[in-house]
Novice: 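Below you will find the structure I want to go over with you.
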Number of protein chains: 2
Amino acid sequence: MPGAAAKPARRRRPRGSINADDIVAGAFEVARRASLDQLSMPVLAEHLDVGVASIYWYFLKKEDLLNRMTDLAVNRLIQAFPPVPDDLPWPEFLHDYFKRERTIFRDDQVMCDLVLVSTSTYSKDAARRLFEREESVLARLAGAGFSAENAFRVFNAVSVYTRGMVIHERILQRSKTPTLDTARQRQITDWSSMPLLERMLDRHPLAGTTDEDFEFGLAGLVSGFETLLREQEAG
Amino acid sequence: MPGAAAKPARRRRPRGSINADDIVAGAFEVARRASLDQLSMPVLAEHLDVGVASIYWYFLKKEDLLNRMTDLAVNRLIQAFPPVPDDLPWPEFLHDYFKRERTIFRDDQVMCDLVLVSTSTYSKDAARRLFEREESVLARLAGAGFSAENAFRVFNAVSVYTRGMVIHERILQRSKTPTLDTARQRQITDWSSMPLLERMLDRHPLAGTTDEDFEFGLAGLVSGFETLLREQEAG
DNA sequence: ACCTGAACACCGTTCAAGT
DNA sequence: ACCTGAACACCGTTCAAGT
(Lines give C-alpha, C1' and ligand atoms only; values in the text may rest on other atoms or scores of the structure.)
Protein backbone atom coordinates (compact mmCIF):
# COMPACT_ATOMS: atom_id res chain seq x y z
CA MET A 1 0.00 0.00 0.00
CA PRO A 2 1.78 3.09 -1.17
CA GLY A 3 -0.62 5.82 -0.10
CA ALA A 4 -0.92 5.21 3.63
CA ALA A 5 -4.49 5.31 4.90
CA ALA A 6 -5.29 8.94 5.60
CA LYS A 7 -8.75 10.36 5.17
CA PRO A 8 -12.07 8.56 5.47
CA ALA A 9 -12.82 10.18 2.10
CA ARG A 10 -16.40 11.28 2.51
CA ARG A 11 -18.73 10.29 -0.28
CA ARG A 12 -20.03 13.00 -2.52
CA ARG A 13 -23.31 14.41 -1.33
CA PRO A 14 -26.32 14.59 -3.62
CA ARG A 15 -27.33 18.07 -4.63
CA GLY A 16 -29.88 19.66 -2.37
CA SER A 17 -28.62 17.72 0.62
CA ILE A 18 -27.61 20.93 2.40
CA ASN A 19 -29.01 24.40 2.38
CA ALA A 20 -28.36 27.75 3.96
CA ASP A 21 -30.46 26.99 7.02
CA ASP A 22 -28.59 23.77 7.77
CA ILE A 23 -25.32 25.64 7.53
CA VAL A 24 -26.46 28.37 9.90
CA ALA A 25 -27.82 25.80 12.32
CA GLY A 26 -24.53 23.91 12.20
CA ALA A 27 -22.65 27.15 12.73
CA PHE A 28 -24.61 27.81 15.91
CA GLU A 29 -23.87 24.30 17.10
CA VAL A 30 -20.15 24.75 16.58
CA ALA A 31 -20.20 28.19 18.18
CA ARG A 32 -22.15 26.89 21.16
CA ARG A 33 -19.81 23.95 21.66
CA ALA A 34 -16.80 26.22 21.88
CA SER A 35 -17.29 29.91 21.21
CA LEU A 36 -17.93 32.20 18.30
CA ASP A 37 -14.31 32.85 17.49
CA GLN A 38 -13.64 29.13 17.38
CA LEU A 39 -16.03 28.95 14.47
CA SER A 40 -13.99 28.44 11.30
CA MET A 41 -15.06 27.39 7.84
CA PRO A 42 -13.05 24.15 7.84
CA VAL A 43 -14.36 23.18 11.27
CA LEU A 44 -17.91 23.99 10.24
CA ALA A 45 -17.54 21.99 7.02
CA GLU A 46 -16.30 19.01 8.97
CA HIS A 47 -19.16 19.33 11.43
CA LEU A 48 -21.64 19.36 8.57
CA ASP A 49 -19.77 16.61 6.75
CA VAL A 50 -19.48 18.79 3.69
CA GLY A 51 -16.63 20.08 1.57
CA VAL A 52 -15.45 23.50 2.67
CA ALA A 53 -16.14 25.02 -0.69
CA SER A 54 -19.76 23.95 -0.52
CA ILE A 55 -20.44 26.49 2.20
CA TYR A 56 -19.24 29.18 -0.12
CA TRP A 57 -21.98 28.36 -2.55
CA TYR A 58 -24.51 29.58 0.01
CA PHE A 59 -22.45 32.26 1.71
CA LEU A 60 -20.01 34.21 -0.39
CA LYS A 61 -18.06 35.32 2.65
CA LYS A 62 -17.76 34.14 6.20
CA GLU A 63 -19.06 37.55 7.13
CA ASP A 64 -22.31 36.81 5.30
CA LEU A 65 -22.76 33.74 7.42
CA LEU A 66 -22.10 35.73 10.58
CA ASN A 67 -24.58 38.38 9.52
CA ARG A 68 -27.22 35.73 9.00
CA MET A 69 -26.47 34.31 12.42
CA THR A 70 -26.74 37.77 13.92
CA ASP A 71 -30.14 38.18 12.36
CA LEU A 72 -31.37 35.04 14.02
CA ALA A 73 -29.85 36.10 17.30
CA VAL A 74 -31.67 39.42 17.15
CA ASN A 75 -34.92 37.58 16.54
CA ARG A 76 -34.34 35.40 19.56
CA LEU A 77 -33.49 38.47 21.60
CA ILE A 78 -36.73 40.18 20.69
CA GLN A 79 -38.84 37.13 21.27
CA ALA A 80 -37.30 36.70 24.69
CA PHE A 81 -38.87 39.96 25.81
CA PRO A 82 -42.34 39.83 27.27
CA PRO A 83 -44.84 42.32 25.88
CA VAL A 84 -44.66 45.77 27.41
CA PRO A 85 -47.11 45.90 30.31
CA ASP A 86 -48.95 49.10 31.07
CA ASP A 87 -49.96 48.42 34.62
CA LEU A 88 -46.48 49.00 36.02
CA PRO A 89 -45.15 52.47 36.88
CA TRP A 90 -42.47 53.41 34.38
CA PRO A 91 -39.51 53.27 36.77
CA GLU A 92 -40.27 49.69 37.69
CA PHE A 93 -41.03 48.83 34.13
CA LEU A 94 -37.70 50.19 32.95
CA HIS A 95 -35.90 48.41 35.73
CA ASP A 96 -37.49 45.09 34.85
CA TYR A 97 -37.00 45.57 31.16
CA PHE A 98 -33.25 45.98 31.35
CA LYS A 99 -32.81 43.44 34.08
CA ARG A 100 -34.42 41.10 31.63
CA GLU A 101 -32.18 42.20 28.80
CA ARG A 102 -29.14 41.47 30.87
CA THR A 103 -30.22 37.94 31.75
CA ILE A 104 -31.09 37.21 28.14
CA PHE A 105 -27.62 38.15 26.97
CA ARG A 106 -26.00 36.46 29.87
CA ASP A 107 -27.73 33.19 29.18
CA ASP A 108 -26.72 33.18 25.53
CA GLN A 109 -23.06 33.91 25.02
CA VAL A 110 -23.17 33.36 21.28
CA MET A 111 -25.97 35.88 21.01
CA CYS A 112 -23.95 38.25 23.15
CA ASP A 113 -20.88 37.90 20.94
CA LEU A 114 -22.87 38.27 17.73
CA VAL A 115 -25.03 41.21 18.69
CA LEU A 116 -22.86 43.07 21.17
CA VAL A 117 -19.18 42.47 20.56
CA SER A 118 -18.62 41.33 17.01
CA THR A 119 -18.82 43.83 14.20
CA SER A 120 -21.33 41.75 12.31
CA THR A 121 -24.42 43.39 10.99
CA TYR A 122 -28.06 42.57 10.94
CA SER A 123 -30.57 43.00 8.18
CA LYS A 124 -32.95 45.90 7.77
CA ASP A 125 -35.69 43.58 8.86
CA ALA A 126 -34.06 42.76 12.15
CA ALA A 127 -33.24 46.42 12.65
CA ARG A 128 -36.88 47.24 12.11
CA ARG A 129 -38.01 44.79 14.74
CA LEU A 130 -35.50 46.24 17.18
CA PHE A 131 -36.77 49.71 16.46
CA GLU A 132 -40.36 48.64 16.94
CA ARG A 133 -39.44 47.25 20.30
CA GLU A 134 -37.67 50.46 21.22
CA GLU A 135 -40.63 52.51 20.03
CA SER A 136 -42.96 50.67 22.38
CA VAL A 137 -40.68 51.49 25.29
CA LEU A 138 -40.40 55.11 24.20
CA ALA A 139 -44.18 55.31 23.99
CA ARG A 140 -44.35 54.08 27.56
CA LEU A 141 -41.93 56.79 28.68
CA ALA A 142 -43.60 59.50 26.66
CA GLY A 143 -46.90 58.49 28.20
CA ALA A 144 -45.32 59.04 31.60
CA GLY A 145 -44.44 62.59 30.68
CA PHE A 146 -41.02 62.47 29.06
CA SER A 147 -40.43 64.49 25.93
CA ALA A 148 -39.64 62.39 22.86
CA GLU A 149 -36.05 63.52 23.01
CA ASN A 150 -35.67 62.67 26.66
CA ALA A 151 -37.44 59.35 26.29
CA PHE A 152 -34.96 58.48 23.58
CA ARG A 153 -32.03 59.51 25.70
CA VAL A 154 -33.28 57.68 28.75
CA PHE A 155 -33.67 54.49 26.78
CA ASN A 156 -30.29 54.99 25.22
CA ALA A 157 -28.50 55.58 28.49
CA VAL A 158 -29.97 52.59 30.27
CA SER A 159 -29.30 50.46 27.22
CA VAL A 160 -25.67 51.51 27.08
CA TYR A 161 -25.28 50.83 30.78
CA THR A 162 -26.85 47.39 30.55
CA ARG A 163 -24.92 46.33 27.52
CA GLY A 164 -21.77 47.79 28.99
CA MET A 165 -22.20 45.52 31.98
CA VAL A 166 -22.90 42.50 29.79
CA ILE A 167 -19.86 43.13 27.61
CA HIS A 168 -17.67 43.81 30.59
CA GLU A 169 -18.65 40.52 32.15
CA ARG A 170 -18.23 38.68 28.86
CA ILE A 171 -14.75 40.04 28.25
CA LEU A 172 -13.73 39.17 31.77
CA GLN A 173 -14.75 35.59 31.33
CA ARG A 174 -13.12 35.33 27.92
CA SER A 175 -9.76 36.46 29.15
CA LYS A 176 -8.60 33.67 31.37
CA THR A 177 -6.90 36.34 33.42
CA PRO A 178 -7.86 35.79 37.03
CA THR A 179 -6.54 39.30 37.62
CA LEU A 180 -9.75 40.14 39.36
CA ASP A 181 -10.13 36.91 41.14
CA THR A 182 -10.11 37.47 44.85
CA ALA A 183 -7.35 35.03 45.63
CA ARG A 184 -4.92 36.59 43.21
CA GLN A 185 -6.02 40.04 44.13
CA ARG A 186 -4.89 39.48 47.65
CA GLN A 187 -1.39 38.63 46.62
CA ILE A 188 -1.08 41.45 44.17
CA THR A 189 0.44 43.90 46.56
CA ASP A 190 -0.11 45.33 49.95
CA TRP A 191 -3.39 47.13 50.20
CA SER A 192 -2.35 49.31 53.08
CA SER A 193 -2.42 52.42 50.94
CA MET A 194 -5.88 51.50 49.62
CA PRO A 195 -8.09 50.99 52.65
CA LEU A 196 -11.38 51.44 50.82
CA LEU A 197 -10.63 48.94 48.09
CA GLU A 198 -9.17 46.63 50.68
CA ARG A 199 -12.56 46.41 52.32
CA MET A 200 -13.98 45.26 49.02
CA LEU A 201 -11.68 42.26 48.80
CA ASP A 202 -14.14 39.95 50.48
CA ARG A 203 -16.51 40.64 47.65
CA HIS A 204 -17.81 38.21 45.11
CA PRO A 205 -15.81 38.96 42.05
CA LEU A 206 -14.02 42.22 42.59
CA ALA A 207 -15.09 43.25 39.13
CA GLY A 208 -18.45 44.49 40.35
CA THR A 209 -20.54 42.34 38.05
CA THR A 210 -22.94 40.76 40.50
CA ASP A 211 -26.68 41.15 40.17
CA GLU A 212 -26.64 43.60 43.05
CA ASP A 213 -23.87 45.65 41.45
CA PHE A 214 -25.78 45.80 38.20
CA GLU A 215 -29.07 46.70 39.81
CA PHE A 216 -27.44 49.33 41.94
CA GLY A 217 -26.41 51.29 38.87
CA LEU A 218 -29.70 50.56 37.17
CA ALA A 219 -31.60 51.92 40.16
CA GLY A 220 -29.32 54.95 40.20
CA LEU A 221 -30.04 55.69 36.58
CA VAL A 222 -33.77 55.29 36.95
CA SER A 223 -33.81 57.40 40.06
CA GLY A 224 -31.88 60.11 38.28
CA PHE A 225 -34.37 60.12 35.46
CA GLU A 226 -37.25 60.32 37.90
CA THR A 227 -35.72 63.48 39.22
CA LEU A 228 -35.32 64.75 35.71
CA LEU A 229 -38.95 64.07 34.93
CA ARG A 230 -40.05 65.94 38.04
CA GLU A 231 -37.92 68.90 37.05
CA GLN A 232 -39.23 68.77 33.51
CA GLU A 233 -42.80 68.85 34.77
CA ALA A 234 -42.06 71.60 37.25
CA GLY A 235 -40.07 73.75 34.78
CA MET B 1 20.12 34.37 -14.09
CA PRO B 2 18.23 31.28 -13.08
CA GLY B 3 16.59 32.40 -9.84
CA ALA B 4 14.50 35.35 -10.94
CA ALA B 5 14.98 38.38 -8.71
CA ALA B 6 12.54 37.99 -5.83
CA LYS B 7 13.33 39.30 -2.38
CA PRO B 8 15.63 42.15 -1.46
CA ALA B 9 17.17 39.64 0.94
CA ARG B 10 17.71 41.71 4.02
CA ARG B 11 21.17 41.51 5.51
CA ARG B 12 21.53 39.75 8.81
CA ARG B 13 21.26 42.10 11.71
CA PRO B 14 23.93 42.26 14.37
CA ARG B 15 22.89 40.92 17.74
CA GLY B 16 21.51 43.55 20.06
CA SER B 17 20.17 45.57 17.18
CA ILE B 18 16.61 45.09 18.35
CA ASN B 19 15.09 44.73 21.76
CA ALA B 20 11.68 44.27 23.34
CA ASP B 21 11.00 47.99 23.52
CA ASP B 22 11.68 48.51 19.82
CA ILE B 23 9.30 45.68 19.02
CA VAL B 24 6.54 47.10 21.17
CA ALA B 25 7.06 50.55 19.72
CA GLY B 26 6.89 49.13 16.22
CA ALA B 27 3.77 47.21 17.13
CA PHE B 28 2.07 50.43 18.20
CA GLU B 29 3.12 52.07 14.95
CA VAL B 30 1.60 49.26 12.91
CA ALA B 31 -1.56 49.22 15.01
CA ARG B 32 -1.93 53.00 14.75
CA ARG B 33 -1.44 52.96 11.01
CA ALA B 34 -4.28 50.48 10.53
CA SER B 35 -5.86 48.99 13.62
CA LEU B 36 -5.04 46.49 16.32
CA ASP B 37 -6.44 43.49 14.54
CA GLN B 38 -4.37 44.31 11.48
CA LEU B 39 -1.29 43.78 13.60
CA SER B 40 0.27 40.46 12.58
CA MET B 41 3.66 39.02 13.32
CA PRO B 42 4.79 38.95 9.67
CA VAL B 43 3.65 42.53 9.12
CA LEU B 44 5.36 43.66 12.28
CA ALA B 45 8.56 41.86 11.33
CA GLU B 46 8.57 43.54 7.95
CA HIS B 47 7.94 46.92 9.55
CA LEU B 48 10.89 46.39 11.86
CA ASP B 49 13.00 44.91 9.08
CA VAL B 50 13.59 41.80 11.11
CA GLY B 51 13.00 38.10 10.60
CA VAL B 52 9.67 36.97 12.00
CA ALA B 53 11.29 34.47 14.28
CA SER B 54 13.36 37.18 15.91
CA ILE B 55 10.29 38.63 17.55
CA TYR B 56 9.67 35.29 19.19
CA TRP B 57 12.97 35.53 20.97
CA TYR B 58 11.58 38.48 22.96
CA PHE B 59 7.94 37.46 23.09
CA LEU B 60 7.12 33.80 23.32
CA LYS B 61 3.58 34.37 22.11
CA LYS B 62 1.80 37.12 20.27
CA GLU B 63 -0.36 37.39 23.36
CA ASP B 64 2.70 38.31 25.41
CA LEU B 65 3.34 41.17 23.06
CA LEU B 66 -0.27 42.32 23.32
CA ASN B 67 -0.11 42.14 27.09
CA ARG B 68 2.96 44.31 27.10
CA MET B 69 1.20 46.78 24.84
CA THR B 70 -1.80 46.78 27.13
CA ASP B 71 0.44 47.61 30.04
CA LEU B 72 1.79 50.65 28.27
CA ALA B 73 -1.72 51.67 27.27
CA VAL B 74 -2.86 51.48 30.88
CA ASN B 75 0.04 53.69 31.88
CA ARG B 76 -0.89 56.26 29.30
CA LEU B 77 -4.49 56.10 30.45
CA ILE B 78 -3.56 56.82 34.03
CA GLN B 79 -1.17 59.60 33.14
CA ALA B 80 -3.86 61.23 31.05
CA PHE B 81 -5.93 61.83 34.18
CA PRO B 82 -5.35 65.02 36.08
CA PRO B 83 -4.87 64.67 39.84
CA VAL B 84 -8.08 64.41 41.83
CA PRO B 85 -9.07 67.94 42.92
CA ASP B 86 -10.74 68.45 46.25
CA ASP B 87 -12.26 71.82 45.66
CA LEU B 88 -15.03 70.50 43.42
CA PRO B 89 -18.30 69.06 44.81
CA TRP B 90 -18.33 65.34 44.24
CA PRO B 91 -21.10 65.28 41.62
CA GLU B 92 -19.23 67.67 39.38
CA PHE B 93 -15.99 65.90 40.06
CA LEU B 94 -17.46 62.56 39.06
CA HIS B 95 -19.00 64.07 35.99
CA ASP B 96 -15.70 65.59 34.87
CA TYR B 97 -13.74 62.49 35.72
CA PHE B 98 -15.70 60.20 33.45
CA LYS B 99 -16.17 62.77 30.76
CA ARG B 100 -12.41 62.84 30.72
CA GLU B 101 -12.15 59.08 30.63
CA ARG B 102 -14.38 58.96 27.61
CA THR B 103 -12.35 61.48 25.64
CA ILE B 104 -9.13 59.72 26.50
CA PHE B 105 -10.39 56.44 25.10
CA ARG B 106 -11.98 58.11 22.17
CA ASP B 107 -8.79 59.85 21.17
CA ASP B 108 -6.77 56.64 21.30
CA GLN B 109 -8.42 53.79 19.48
CA VAL B 110 -5.54 51.39 19.98
CA MET B 111 -5.71 52.02 23.71
CA CYS B 112 -9.44 51.46 23.55
CA ASP B 113 -9.06 48.15 21.76
CA LEU B 114 -6.30 46.97 24.05
CA VAL B 115 -7.81 47.92 27.38
CA LEU B 116 -11.52 47.70 26.68
CA VAL B 117 -12.31 45.23 23.93
CA SER B 118 -9.45 42.77 23.54
CA THR B 119 -9.02 40.02 26.08
CA SER B 120 -5.41 40.94 26.70
CA THR B 121 -4.23 41.28 30.22
CA TYR B 122 -2.17 43.76 32.08
CA SER B 123 0.48 43.20 34.68
CA LYS B 124 0.00 43.33 38.41
CA ASP B 125 1.85 46.60 38.36
CA ALA B 126 -0.54 48.22 35.96
CA ALA B 127 -3.46 46.78 37.90
CA ARG B 128 -2.06 48.32 41.01
CA ARG B 129 -1.84 51.76 39.46
CA LEU B 130 -5.42 51.43 38.26
CA PHE B 131 -6.52 50.47 41.75
CA GLU B 132 -4.65 53.38 43.29
CA ARG B 133 -6.45 55.69 40.94
CA GLU B 134 -9.77 54.13 41.84
CA GLU B 135 -8.96 54.36 45.53
CA SER B 136 -8.43 58.09 45.26
CA VAL B 137 -11.85 58.49 43.68
CA LEU B 138 -13.44 56.25 46.30
CA ALA B 139 -11.82 58.34 49.01
CA ARG B 140 -13.38 61.39 47.47
CA LEU B 141 -16.81 59.77 47.52
CA ALA B 142 -16.40 58.38 51.01
CA GLY B 143 -15.41 61.86 52.15
CA ALA B 144 -18.69 63.11 50.73
CA GLY B 145 -20.61 60.65 52.88
CA PHE B 146 -20.91 57.47 50.86
CA SER B 147 -20.30 54.17 52.58
CA ALA B 148 -17.30 52.25 51.25
CA GLU B 149 -19.62 49.77 49.61
CA ASN B 150 -21.71 52.45 47.95
CA ALA B 151 -18.68 54.43 46.85
CA PHE B 152 -17.40 51.31 45.18
CA ARG B 153 -20.69 50.66 43.47
CA VAL B 154 -21.08 54.23 42.34
CA PHE B 155 -17.65 54.21 40.78
CA ASN B 156 -18.37 50.86 39.22
CA ALA B 157 -21.67 51.89 37.71
CA VAL B 158 -20.40 55.10 36.18
CA SER B 159 -17.35 53.28 34.91
CA VAL B 160 -19.46 50.61 33.24
CA TYR B 161 -21.67 53.23 31.67
CA THR B 162 -18.76 55.25 30.35
CA ARG B 163 -16.90 52.29 28.97
CA GLY B 164 -20.10 50.89 27.57
CA MET B 165 -20.54 54.08 25.59
CA VAL B 166 -16.94 54.03 24.40
CA ILE B 167 -17.15 50.41 23.30
CA HIS B 168 -20.50 50.95 21.65
CA GLU B 169 -19.11 53.81 19.64
CA ARG B 170 -15.97 51.89 18.78
CA ILE B 171 -17.87 48.84 17.56
CA LEU B 172 -20.12 51.03 15.47
CA GLN B 173 -17.18 52.61 13.72
CA ARG B 174 -15.45 49.28 13.21
CA SER B 175 -18.40 47.72 11.49
CA LYS B 176 -18.69 49.58 8.25
CA THR B 177 -22.43 49.06 8.55
CA PRO B 178 -24.10 52.39 7.97
CA THR B 179 -27.19 50.80 9.48
CA LEU B 180 -27.51 53.69 11.83
CA ASP B 181 -26.55 56.34 9.40
CA THR B 182 -29.38 58.77 8.95
CA ALA B 183 -29.62 58.47 5.21
CA ARG B 184 -29.98 54.72 5.25
CA GLN B 185 -32.22 54.83 8.21
CA ARG B 186 -34.71 56.85 6.28
CA GLN B 187 -34.98 54.26 3.58
CA ILE B 188 -35.20 51.33 5.92
CA THR B 189 -38.94 51.25 6.09
CA ASP B 190 -41.84 53.47 6.72
CA TRP B 191 -41.72 54.99 10.15
CA SER B 192 -45.41 55.64 10.37
CA SER B 193 -45.86 53.06 13.10
CA MET B 194 -42.94 54.54 15.05
CA PRO B 195 -43.72 58.21 15.48
CA LEU B 196 -41.38 58.77 18.41
CA LEU B 197 -38.36 57.25 16.74
CA GLU B 198 -39.28 59.03 13.55
CA ARG B 199 -38.82 62.33 15.30
CA MET B 200 -35.29 61.26 16.17
CA LEU B 201 -34.29 60.77 12.55
CA ASP B 202 -32.96 64.27 12.20
CA ARG B 203 -30.48 63.45 14.87
CA HIS B 204 -26.73 63.33 14.54
CA PRO B 205 -26.00 59.67 14.45
CA LEU B 206 -29.11 57.82 15.44
CA ALA B 207 -26.96 55.64 17.66
CA GLY B 208 -27.09 58.10 20.52
CA THR B 209 -23.36 58.51 20.89
CA THR B 210 -23.03 62.27 20.84
CA ASP B 211 -21.47 64.17 23.69
CA GLU B 212 -24.91 65.31 24.76
CA ASP B 213 -26.26 61.78 24.73
CA PHE B 214 -23.37 60.58 26.82
CA GLU B 215 -23.59 63.41 29.29
CA PHE B 216 -27.32 63.00 29.61
CA GLY B 217 -26.89 59.50 30.99
CA LEU B 218 -23.92 60.57 33.04
CA ALA B 219 -25.92 63.35 34.62
CA GLY B 220 -28.77 60.92 35.24
CA LEU B 221 -26.48 58.52 37.04
CA VAL B 222 -24.88 61.20 39.17
CA SER B 223 -28.25 62.68 40.00
CA GLY B 224 -29.55 59.28 41.04
CA PHE B 225 -26.60 58.79 43.34
CA GLU B 226 -27.12 62.20 44.86
CA THR B 227 -30.61 61.09 45.79
CA LEU B 228 -29.19 57.90 47.19
CA LEU B 229 -26.71 59.80 49.32
CA ARG B 230 -29.45 62.02 50.69
CA GLU B 231 -31.52 58.99 51.61
CA GLN B 232 -28.50 57.31 53.16
CA GLU B 233 -27.88 60.35 55.33
CA ALA B 234 -31.52 60.69 56.24
CA GLY B 235 -32.01 56.98 57.01
C1' DA C 1 -27.53 23.68 -10.24
C1' DC C 2 -25.01 22.11 -6.79
C1' DC C 3 -20.88 19.79 -4.65
C1' DT C 4 -15.84 19.01 -4.44
C1' DG C 5 -10.41 18.64 -3.70
C1' DA C 6 -6.68 21.16 -4.42
C1' DA C 7 -4.54 25.35 -4.51
C1' DC C 8 -3.49 30.20 -2.89
C1' DA C 9 -2.20 33.75 0.26
C1' DC C 10 -2.29 34.63 4.75
C1' DC C 11 -1.52 33.78 9.91
C1' DG C 12 0.89 32.12 14.53
C1' DT C 13 4.56 29.29 15.99
C1' DT C 14 8.63 26.15 15.98
C1' DC C 15 13.02 24.44 14.78
C1' DA C 16 17.39 23.56 13.29
C1' DA C 17 20.66 26.16 12.00
C1' DG C 18 23.68 30.21 11.33
C1' DT C 19 26.95 33.96 13.59
C1' DA D 1 23.39 35.13 23.09
C1' DC D 2 20.95 36.60 19.51
C1' DC D 3 19.15 36.40 14.63
C1' DT D 4 17.35 33.74 10.67
C1' DG D 5 14.77 31.07 6.64
C1' DA D 6 12.14 27.38 6.09
C1' DA D 7 8.72 24.54 7.66
C1' DC D 8 4.22 23.36 10.01
C1' DA D 9 -0.61 23.56 10.97
C1' DC D 10 -4.13 26.51 10.60
C1' DC D 11 -7.37 29.97 8.35
C1' DG D 12 -10.45 32.36 4.55
C1' DT D 13 -11.25 32.13 -0.24
C1' DT D 14 -11.04 30.75 -5.19
C1' DC D 15 -11.06 27.80 -9.06
C1' DA D 16 -11.38 24.37 -12.27
C1' DA D 17 -13.54 20.51 -12.33
C1' DG D 18 -16.83 16.85 -11.30
C1' DT D 19 -22.06 15.15 -11.35
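Only this structure's heavy atoms are used, side chains among them; waters, hydrogens and symmetry mates stay out. Here is the naming used below: chain letters follow the sequence lines, and residue numbers restart at 1 for every chain. Not measured: the values here are computed from a predicted model.
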Novice: Does C:dG12 have a Watson-Crick or wobble partner in any strand here, with both distances under 3.5 angstrom, and which is it?
Specialist: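 Base partner found: D:dC8.
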Novice: Once you round it to whole Å, what is the distance between C1' of D:dC3 and CD1 of B:Ile23?
Specialist: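 Those two atoms, CD1 and C1', are 11 Å apart.
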Novice: For B:Arg15 and C:dG18, give me the distance from atom CZ to atom C1', rounded to whole Å.
Specialist: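 Going from B:Arg15 (CZ) to C:dG18 (C1'), I get 13 Å.
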Novice: Please confirm whether the shortest side-chain N or O distance from A:Ser17 to OP1 or OP2 of C:dC3 is below 4.0 Å.
Specialist: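 So the side chain of A:Ser17 is within the cut-off, an N or O lying under 4.0 Å from OP1 or OP2 of C:dC3.
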Novice: Distance check needed: C:dC2 P versus A:Asp22 CG, whole Å only.
Specialist: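 It works out to 14 Å between those atoms.
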Novice: Could you identify the nucleotide paired to C:dA1, looking across every strand shown and requiring Watson-Crick or G-U wobble geometry with both distances under 3.5 Å?
Specialist: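 D:dT19 - that is the nucleotide pairing with C:dA1, both distances being under 3.5 Å.
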Novice: Can you tell me how far P of C:dT4 sits from CG of A:Leu48, to the nearest Å?
Specialist: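 Going from A:Leu48 (CG) to C:dT4 (P), I get 11 Å.
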Novice: Do B:Lys99 and B:Glu215 come within less than 4.5 Å of each other through their side chains, counting heavy atoms only?
Specialist: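 With C-beta onward as the side chain, the pair touches.
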Novice: How close or far is atom C1' of C:dC2 from atom CD1 of A:Ile55, stated in whole angstroms?
Specialist: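 Distance, rounded to whole Å: 14 Å.
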Novice: Using a cutoff of under 3.5 Å, can you pull out all pairs of nitrogen or oxygen atoms linking the protein to nucleotides 9-13 of chain D, with atom names and distances?
Specialist:
from, atom 1, to, atom 2, distance (Å)
D:dC11, OP1, A:Ser40, OG, 3.1
D:dG12, OP1, A:Lys62, NZ, 2.6
D:dG12, OP2, A:Met41, N, 2.7
D:dT13, OP2, A:Tyr56, OH, 3.2
D:dT13, OP2, A:Lys62, N, 2.8

Novice: Regarding C:dC3, can its base be found pairing with the side chain of A:Arg12 as donor and acceptor, where the two atoms are less than 3.5 Å apart?
Specialist: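 Result: at least one qualifying N/O pair found.
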Novice: Could you state the CZ-P distance from B:Arg13 to D:dG5, rounded to the nearest angstrom?
Specialist: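 Rounding to the nearest Å, CZ of B:Arg13 and P of D:dG5 are 11 Å apart.
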Novice: Taking all atoms of both residues into account, what is the closest heavy-atom pair of A:Ser118 and A:Ser120, and its distance?
Specialist: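 It is OG-OG, 2.8 Å.
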Novice: Heavy atoms only, 4.0 Å cut-off, all strands: where does B:Tyr58 land among base, sugar-phosphate and nothing?
Specialist: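 Here B:Tyr58 touches the backbone only, sparing every base.
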Novice: Ion pair present between A:Arg32 and A:Asp108, side-chain N to carboxylate O less than 4.0 angstrom?
Specialist: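 Answer for the salt bridge query: yes.
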Novice: Are side-chain heavy atoms of B:Phe105 and B:Val115 found at a separation under 4.5 Å?
Specialist: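 Yes, their side chains come closer than 4.5 Å.
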Novice: Which whole-number value in Å describes the distance from B:Glu46 CD to D:dG5 C1'?
Specialist: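 Roughly 14 Å, once rounded to whole Å.
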Novice: Look at B:Arg76 together with B:Asp71 and state whether they make a salt bridge at an N to O cut-off of under 4.0 Å.
Specialist: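 Here B:Arg76 does not pair with B:Asp71 in a salt bridge, since their nearest N and O are not under 4.0 Å apart.
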Novice: So for atom CZ, which belongs to A:Arg13, do other residues, nucleotides or ligands contribute more than 12 heavy atoms lying within a distance under 6.0 Å?
Specialist: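 Result for CZ/A:Arg13: enclosed.
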Novice: For the pair made of CH2 in B:Trp57 and C1' in D:dG5, what is the distance, rounded to whole Å?
Specialist: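 Checked: the CH2 to C1' distance equals 19 Å.
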Novice: Check this for me: does any side-chain nitrogen of one of B:Arg11 and B:Asp49 sit under 4.0 Å from a carboxylate oxygen of the other?
Specialist: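 Between B:Asp49 and B:Arg11 there is no salt bridge, as every charged N stays at least 4.0 Å from the carboxylate O atoms.
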